[in-house]
Amino acid sequence: MRAAGVREFGGRVEVFDLPEPRDPGPDEAVVEVAAAGVGNWDDLVRTGDWKVGREAPMALGVEAAGRVITVGSDVRGLKPGDEVLGHPLQLREQGCWADRVLVDAGLLVRKPPSVSWEVAGAFPVPALTAEQVLSESLELAEGDTVLVHGAGGTTGGLIVQLATLRGARVIATAGPSSAARVAEAGAAEVLDYHDSRWPELVRELTGGVGVDGAVNAARGGSSHAVLAVRDCGRLATITGDPPESVRGISVSDVYVRPDAAQLEELCMLLGDGRLRLSVGAALPLADAATALERAMTGANGGPVVLLV
């Protein structure tokens, strides 16, 4: 079968042939991939900095949507032909940038009928990240004021939407090209992150106190975001750059994990339109290297997806 990945960690992304998936074990399923998301996290897998259960040579990709081909003997609630999506780590054989993938069936959820393959393929990782940041790291409560630094990206935009849905006041930073989109997502105030005074402006918007919680989704931005947090507040970063705790602020360095129950609830919000995601670029599997380059720039106005 066709796959896109690396022959060795740190190598270039290329398309090559891999063996067909083996027959599923009792708790597994084989999925025919329709679309697979591409994110900057895939470059961490490419270089070997994120261990996902496989060694090179391997197909990359840690999120996908497609149709179930076959299921193991102990799998209940899924059958061949079902349309599903998931973040199936640890990988059982290969990554999701392939014609077919063998996965832990317990990590799959049904794709809402109204959601396109492109959106479904790009949804699991950023949506789960947003959920885990807000509900676990920040312990978001209705009425909280939350800063989202780097809200113009895919994950940042979903964080804004989820926080707004849960009754928080959102103050966001974004570039001029994405400010209107971030405001439409629910941010009460959108500040230009190019203005070095933005942490001070956040404090002014909160009466000099600071926000209850902050999410950093901008690479290298945590040390600035913490300045806008109130004493004994919370900060979560999704870019691997946690600052030292100051003023009693709790700091979380968040790495996404699979969670089917969370993903199922998020898919319900996506299916009924309360969460929205617009794909920035959809490329064929043969262009996987280009897709990863485009995902790394973050300049697509939405996530990058491979159509398989």
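The closest side-chain heavy-atom distance from Pro243 to Leu235 is below 4.5 Å. Proximity of Leu266 to Leu275: side-chain heavy atoms (C-beta onward) are separated by under 4.5 Å at one or more points. Within the 4.5 Å cutoff, the side chain of Met1 has heavy atoms near those of the Pro21 side chain. Two residues are said to be in side-chain contact when any heavy atoms from C-beta on lie closer than 4.5 Å; His87 and Val62 meet this criterion. Contact check for Leu91 versus Leu89: side-chain heavy atoms found under the 4.5 Å cut-off. Taking 4.5 Å as the limit, every side-chain heavy atom of Val71 sits out of range of all side-chain heavy atoms of Pro24. Side-chain contact between Leu128 and Glu63: absent, with no pair of heavy atoms (C-beta onward) separated by less than 4.5 Å. Counting heavy atoms from C-beta on, the side chains of Leu269 and Gln161 never come closer than 4.5 Å.
When all heavy atoms are compared, the tightest approach of Ser278 to Pro303 is O-CD, 3.2 Å. The shortest heavy-atom contact between Glu32 and Arg100 is CA-CG, 4.0 Å. Contact record, Arg197 with Glu204: NH2-OE2, 3.8 Å, taken as the closest heavy-atom pair. Val190 and Ala174 make their closest contact through CG1-CB, 4.1 Å (heavy atoms, listed as atom of the first residue, atom of the second, distance). Closest approach of Ala217 and Thr239 over heavy atoms only: C-CG2, 3.9 Å. In plain terms, the two heavy atoms of Val170 and Ala163 that are nearest each other are CG2-CB, 3.7 Å.
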Could you pull out all donor-acceptor pairs under 3.5 Å where a side-chain atom in residues 111-127 meets a protein atom, sequence neighbours excluded?
| unit_1 | atom_1 | unit_2 | atom_2 | d |
| --- | --- | --- | --- | --- |
| Lys111 | NZ | Val115 | O | 2.6 |
| Ser114 | OG | Gly271 | O | 3.0 |
| Ser116 | OG | Val119 | N | 3.2 |

Using atom types as modelled, flag every donor-acceptor pair under 3.5 Å from a side chain in residues 140-154 to any protein atom, sequence neighbours excluded.
| unit_1 | atom_1 | unit_2 | atom_2 | d |
| --- | --- | --- | --- | --- |
| Asp144 | OD2 | Ala141 | N | 3.0 |
| His149 | ND1 | Thr173 | OG1 | 2.6 |

Distance-only check: which donor-acceptor pairs under 3.5 Å involve side-chain atoms of residues 284-295, not counting sequence neighbours?
| unit_1 | atom_1 | unit_2 | atom_2 | d |
| --- | --- | --- | --- | --- |
| Arg294 | NE | Asn300 | OD1 | 3.1 |
| Arg294 | NH2 | Asn300 | OD1 | 3.3 |

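Counting non-hydrogen atoms of other residues, nucleotides and ligands closer than 6.0 Å to CD of Glu8 gives a total of 12 or fewer. Counted within 6.0 Å of CZ on Arg219, heavy atoms from surrounding residues, nucleotides or ligands total 12 or fewer; the atom is thus considered open. For Glu265, the CD atom counts as loosely surrounded, since its 6.0 Å shell holds 12 or fewer non-hydrogen atoms of other residues, nucleotides or ligands. More than 12 heavy atoms of other shown residues, nucleotides or ligands fall within 6.0 angstrom of atom CD in Glu20.
Side-chain heavy-atom separations under 4.5 angstrom define the hydrophobic clusters, and Met268 shares its cluster with no other residue.
The CG atom of Leu85 sits 8.0 Å away from atom CG of Leu108, with the distance rounded to the nearest 0.5 Å. Note: Gln262 CD to Cys267 SG = 12.0 Å, rounded to the nearest 0.5 Å. Taken to the nearest 0.5 Å, the OG atom of Ser252 stands 12.5 Å off from the CD1 atom of Ile238. Annotation: the span from Leu60 atom CG to Arg46 atom CZ amounts to 8.5 Å, rounded to 0.5 Å.
One hydrophobic cluster, built from ILVMFWY side chains closer than 4.5 Å, holds both Leu165 and Ile159. Both Val101 and Met58 are assigned to one and the same hydrophobic cluster, defined by single-linkage of ILVMFWY side chains at heavy-atom distances under 4.5 Å. When the side chains of ILVMFWY residues are joined at heavy-atom separations under 4.5 Å, either directly or via intervening members, Val33 and Val109 end up in a single hydrophobic cluster. Note on Leu107 and Tyr255: separate hydrophobic clusters, where clusters join Ile, Leu, Val, Met, Phe, Trp and Tyr whose side-chain heavy atoms are under 4.5 Å apart, directly or indirectly. By the rule that hydrophobic residues join a cluster once side-chain heavy atoms approach within less than 4.5 Å of another member, Leu134 and Val211 end up as members of separate clusters.
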Check step by step if side-chain contact (heavy atoms from CB on, under 4.5 Å) holds for Glu28 and Glu93.
CA-CA 11 Å; Glu28 295 174 332; Glu93 280 196 347; over 6 Å; no
Evaluate the side-chain contact (heavy atoms from CB on, under 4.5 Å) criterion for residues Trp41 and Thr129: first the C-alpha distance (whole Å), next the side-chain angles of each, then the deciding distance (0.1 Å), finally the verdict.
CA-CA 12 Å; Trp41 50 82; Thr129 303; over 6 Å; no
Given side-chain contact (heavy atoms from CB on, under 4.5 Å), test Asp23 with Thr70 step by step and report yes or no.
CA-CA 8 Å; Asp23 291 338; Thr70 184; 5.9 Å; no
Please test Glu55 against Phe9 for side-chain contact (heavy atoms from CB on, under 4.5 Å), starting from the C-alpha separation and ending with a verdict.
CA-CA 8 Å; Glu55 295 295 325; Phe9 287 134; 3.3 Å; yes
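Counting only distance, with no hydrogens or angles, the side chain of Arg166 and the backbone of Ser135 share no donor-acceptor pair below 3.5 Å. Put simply, the side chain of Arg67 never gets that close to the backbone of Pro80: no donor and acceptor are under 3.5 Å apart. Between the side chain of Asp104 and the backbone N or O of Gln90, no donor-acceptor pair lies under 3.5 Å. Between the side chain of Ser222 and the main chain of Asn216, no donor-acceptor pair closer than 3.5 Å is present. Remark: side-chain polar atoms of Asp43 are not paired, donor with acceptor, to backbone N or O of Asn40 under 3.5 angstrom. No donor-acceptor distance shorter than 3.5 angstrom exists from the side chain of Asp74 to the backbone of Asp27, with no hydrogens or angles considered.
Listed by first and then second residue, the side-chain hydrogen bond (donor to acceptor under 3.5 Å, both in side chains) pairs that reach into residues 182-191 are Arg169-Glu189, sequence neighbours excluded. Applying the salt bridge (charged side-chain N to carboxylate O under 4.0 Å, His left out) definition to pairs two or more places apart or across chains, none involves residues 297-308.
Annotation: salt bridge (Lys or Arg N to Asp or Glu O under 4.0 Å) contacts of Arg2 (sequence neighbours excluded): Asp99. Judged as a salt bridge (Lys or Arg N to Asp or Glu O under 4.0 Å), and not counting sequence neighbours, the contacts of Arg110 are Asp82. With sequence neighbours left out, the salt bridge (Lys or Arg N to Asp or Glu O under 4.0 Å) criterion links Arg234 to Glu139. By the side chain to side chain contact (heavy atoms under 4.5 Å, CB included) test, Ser73 pairs with Pro26, sequence neighbours left out. The side chain to side chain contact (heavy atoms under 4.5 Å, CB included) check on Leu227 picks up Pro199, with sequence neighbours excluded. Residues meeting the side chain to side chain donor-acceptor pair (under 3.5 Å) test with Arg203, sequence neighbours left out: none.
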